[in-house]
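Report on the structure given below.
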Amino acid sequence: MPELPEVEVVRRGLERWAAGRPVSAVEVLDARSTRRHDAGPADFADRLTGARLAVPERRGKYLWIPLADRGPDAQALVAHLGMSGQLLVNEPGDPEPRHLRIRLLLEPAEEAGDGEDRSRELRFVDQRIFGGLFLDPLVEASDRPGQLLPASVAHIGRDPMDPDFDPEAVHRRLRLRRTGLKRAMLDQTLVSGIGNIYADEALWRARLHYARPTETLNRTESSRLFEAVREVMAEALSQGGTSFDSLYVNVNGDSGYFDRSLDVYGRAGQPCRRCARQGRESTIVRDRFMNRSSAYCPRCQPVPRRARW
DNA sequence: AGTGACTCCTGCCCGC
DNA sequence: TGCGGGCAGGAGTCAC
């Protein structure tokens, strides 16, 4: 389940292996993967062919590669990995994975160094097809003149790793909401990049329950929470991200190993590590909520008196 | 405008 | 063995 750290691992891989390269051919094998490209798969392929890929950028779970040399009507190739999307850099002719949906043939960059003078194939592989690729015009960020981002990403809030992330502003917006804390954390217009795994992990680290009403959160608690989000994401990034199976991989097809460091997600029925360190016993429980699961420690994350599910 | 339900998808796993 | 149903869930869309 790619969240911010996993998408950032992919972004770094693309910066290393794809940036600067011209696209010489595009093949859309499954039109559902270009669903968000309104003009259709043929238009997607036409407009991408001949473009040169610039340095990839990211906000939250959205990843985009600006197309260089496109003049005033600047465009970007936007990617969202959804639940199971992968962007892989392969040698042309490598065996094709089962769920290959789109492929781009990349030529060597002009200033290619040793070993980088060969063609590559950028592959979008996606089992569940919740993700996709599309082209989108770049627009100026409303809160930062000169900063460009795809029009369809403009409504997404800054993520906690963004240098312009404003925890105080997010705190104020949280206090105005009338919803549960985890719902708010998963709302990408409020703060982006957080999915189910890192929401549960950050709530555990901050000792807050997922059903805590957002309007009761004080400044200390919200800064503790966002500090926890940054911390857990930074640790995950340093370990190459989280993956439970072969679904989430970097551009070279390798898995991260942060799953070994998870404290609550996927640990229902197992002892809470923080409680154990304090010589107490508590078991992680799993609730069904919002059509997804929430894992927490009932002892150090007690259900609030006025819970808002 | 904020909120939450619904929908899109495939593969795996469970029970009968 | 086979099949139906539940589960995994990010985010756009829509109704209220």
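Just so it is clear: chains get the letters A, B, ... in the order the sequence lines come, proteins before strands, and each one is counted from 1.
- Taking side-chain N and O atoms only, A/Arg173 has no distance below 4.0 Å to OP1 or OP2 of B/dG2.
- Atom CG of A/Asp159 is separated from atom C1' of C/dG10 by 16 Å (rounded to the nearest Å).
- The stretch residues 132-143 of chain A has no heavy atom under 4.0 angstrom from DNA chain B at all.
- Across the protein-nucleic acid pair, A/Glu6 atom CD and C/dG9 atom P stand 13 Å apart, rounded to whole Å.
- Under 4.0 angstrom from either OP1 or OP2 of C/dG10 there lies at least one side-chain N or O belonging to A/Arg292.
- Rounding to whole angstrom units, CE of residue A/Met83 and P of C/dG9 are separated by 6 Å.
- Across the protein-nucleic acid pair, A/Asp200 atom CG and C/dG9 atom P stand 9 Å apart, rounded to whole Å.
- Atom CG of A/Leu190 is separated from atom P of B/dT3 by 9 Å (rounded to the nearest Å).
- Ion pair A/Arg123/A/Asp94 not flagged as a salt bridge, since none of the NZ, NE, NH1 or NH2 atoms sits closer than 4.0 Å to an Asp/Glu carboxylate oxygen.
- Taking side-chain N and O atoms only, A/Gln188 has a distance below 4.0 Å to OP1 or OP2 of C/dA11.
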> Going through the distances and angles, do A/Arg144 and A/Asp164 end up as a salt bridge (charged side-chain N to carboxylate O under 4.0 Å, His left out)?
Replying inline: CA-CA 9 Å; A/Arg144 185 89 138 49; A/Asp164 288 332; 2.7 Å; yes
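- Comparing C/dG9, B/dA5, B/dT10 by their nearest atom to the side chain of A/Asn196 picks out C/dG9.
- A/Arg98 comes within contact range of the sugar-phosphate backbone alone, with a heavy-atom separation under 4.0 Å but no base atom that close.
- Of the candidates C/dC7, B/dT10, C/dG9, the closest approach to any side-chain atom of A/Arg286 belongs to C/dC7.
- Atoms CG (A/Leu186) and C1' (C/dG9) sit 10 Å apart, rounded to a whole Å.
- In summary, the aromatic rings of A/Tyr198 and A/Tyr265 are positioned with their centroids too far apart to meet the 6.0 Å limit.
- Both the sub-6.0 Å distance and the 45° axial angle are satisfied by A/Arg274 relative to the ring of A/Trp204.
- Comparing C/dG9, C/dA11, B/dG11 by their nearest atom to the side chain of A/Tyr62 picks out C/dA11.
- Under the 6.0 Å cut-off for aromatic ring centres, A/Phe134 and A/Phe44 do not qualify, their centroids lying 6.0 Å or more apart.
- Hydrophobic clustering (side-chain heavy atoms under 4.5 Å, transitive across Ile, Leu, Val, Met, Phe, Trp, Tyr) keeps A/Met83 apart from A/Val78.
- Contact between the side-chain N/O atoms of A/Tyr265 and the OP1/OP2 oxygens of C/dG9 is found at a separation under 4.0 Å.
- Applying the 4.0 Å criterion to OP1 and OP2 of B/dG4, one finds that A/Thr179 has a side-chain N or O inside that range.
- Between A/Arg177 and the phosphate of B/dG2, there is no side-chain N or O to OP1/OP2 separation shorter than 4.0 Å.
- Closest to the A/Lys61 side chain, of the nucleotides B/dT10, C/dA11, C/dG9, is C/dA11.
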>> Test salt bridge (charged side-chain N to carboxylate O under 4.0 Å, His left out) on A/Glu221 and A/Arg207; report intermediate values, then the result.
In response: CA-CA 9 Å; A/Glu221 290 168 323; A/Arg207 302 186 308 280; over 6 Å; no
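- Taking only side-chain atoms of A/His99, from C-beta outward, the nucleotide of B/dC9, B/dA5, B/dG11 with the closest atom is B/dG11.
- Distance, A/Arg178 CZ to B/dG2 P: 12 Å, rounded to whole Å.
- Out of C/dG10, C/dG12, B/dT10, the shortest distance to the side chain of A/Phe130 is found at C/dG10.
- Contact between the side-chain N/O atoms of A/His155 and the OP1/OP2 oxygens of C/dA11 is not found at any separation under 4.0 Å.
- Salt-bridge annotation for A/Lys61 and A/Glu3: absent, with no side-chain N of the basic residue lying under 4.0 Å from a carboxylate O of the acidic one.
- A close approach under 4.0 Å does occur between a side-chain nitrogen or oxygen of A/Arg35 and OP1 or OP2 of B/dC9.
- Per the geometry, CZ belonging to A/Arg58 stands 16 Å off C1' belonging to C/dG10, to the nearest Å.
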